[in-house]
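Heavy atoms only: backbone and side chains are in, while hydrogens, waters and symmetry mates are out. Quick note on labels: first sequence line is chain A, next is B, and so on, each numbered from 1.
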Amino acid sequence: MRNKRFMPELPEVETTVRDLRKIILGRKIEDVWSDFKKMIKRPKTLGQFKKEIIGRKIQKIWRRGKNIIFELSQGKALLLHQKLTGHLLYGTWDIKHGTWKPKEKGPLEEKINTYIHLLFVLDNGKMLALSDLRKFAKVELWDKKELGEELKDLGLEPLEKSFIFQKFKGCLKEKRGKVKQVLMDQTVIAGIGNIYSDEILFEAKIHPFKEIEKLSDKEFKRIYQATRKILSKAVEAKGESISDYRTLSGEKGGFDPLRKVYRREGEKCSRCDTNIKRIKLAGRSAYFCPKCQQL
DNA sequence: TGCAGTGTTGCTTC
DNA sequence: CGAAGCAACACTGC
């Protein structure tokens with residue numbers, strides 16, 4: 001398998017959040033370590049960040065789009081975006097002389113350990129680590145009351161009860177352009193990236209380049225239903241695993257065998273045996289079946 | 001060996 | 001105003 005990468009989209013982030021709730025809810029943060037200050041965007045210095053965060057309890061953990069929010073005691077909230085390659089890990093590490101090494105054997109010794117750049121030491125002696133190969137991940141500390149403003153541009157939450165067809169169609173129709181691009185637009189629907197947009201459009205039998213204004217009501221309906229189906233199926237499977245994605249405890253996600261088109265260029269379509277094709281859209285790859293998904 | 005490809009977001013440019 | 005392009009960064013595959 002080439003180019004092993006973790007690309008957290010909604011199902012992977014949701015899986016992480018559910019795991020985090022089981023493991024670290026109610027824990028107090030006792031110390032923070034980092035060797036890459038740029039990751040912490042707010043407050044400006046690591047010293048300030050440590051000062052404001054140490055001693056606070058993790059009271060609530062939730063997700064908005066691909067963001068993870070840790071609500072802390074006394075009105076603070078930690079906002080984390082994993083971007084392309086961020087991983088959260090739970091375990092124990094030895095921190096010495098500006099570096100660290102794993103204390104335990106098992107999944108923690110795998111390669112993702114190499115890229116740990118931020119560690120939270122908890123009051124049970126365990127740690128929450130952020131590993132990030134490409135160092136794009138972002139961590140910000142906000143006042144809880146500022147969060148709404150910070151997250152206001154994010155679009156619909158596709159797994160919520162309020163995600164109904166009329167709203168979905170209305171939001172998509174406000175935009176112009178190719179349907180794949182609009183599905184990935186975080187201000188329209190929050191949480192869909194390159195993998196799941198391809199899978200959703202295959203399920204709905206819609207060409208990724210189809211223009212929004214050319215979609216019929218039936219086609220909107222198919223995309224809406226596919227969005228719900230694919231995302232909930234992926235959450236159930238605990239996310240994808242084509243990359244080196246691991247859950248907090250180091251297990252693989254189970255979405256891989258369910259993946260129909262993404263990174264399957266040249267393989268047979270599971271519905272009609274036609275070869276899966278790859279085309280470029282806004283600098284990235286779109287995978288689709290040229291027979292099932294026609295313009 | 002060097003360079004295109006990998007994906008998310010935000011900023012700059014036109 | 002919107003879109004397109006690029007930078008942030010590191011590694012893999014050809």
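Partner of A:Met127 under the side-chain contact (heavy atoms from CB on, under 4.5 Å) criterion, out of A:Asp31, A:Leu122, A:Leu89, A:Val121: A:Val121 alone.
A cation-pi contact links A:Lys221 to A:Phe165, judged by a cut-off of 6.0 Å to the six-membered ring centre and 45° from its axis. Judged by the 6.0 Å and 45° rule, A:Lys277 forms no cation-pi pair with A:Tyr287. Judged by the 6.0 Å and 45° rule, A:Lys260 forms no cation-pi pair with A:Phe202.
Here A:Gln181 lies out of heavy-atom contact (under 4.0 Å) with every strand. Heavy atoms of A:Lys41 sit nowhere under 4.0 angstrom from any nucleic acid atom.
Protein atom CE of A:Met184 is 10 Å distant from nucleotide atom P of B:dT9, rounded to whole Å.
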Nucleotide pairing, DNA chain C (Watson-Crick or G-U, distances under 3.5 Å), in dot-bracket with [ ] and |: .|||||||.|||||

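Aromatic rings of A:Tyr224 and A:Phe163 (six-membered ring for Trp) have centroids within the 6.0 Å cut-off, being under it.
Side-chain proximity of A:Gln186 to B:dT9, B:dT8, C:dA8: nearest is B:dT9.
Checked for salt-bridge contact, A:Arg42 and A:Glu140 miss the test: no charged N lies under 4.0 Å from a carboxylate O.
With both ends at atom C1', the span from B:dG10 to C:dC11 equals 23 Å, rounded to whole Å.
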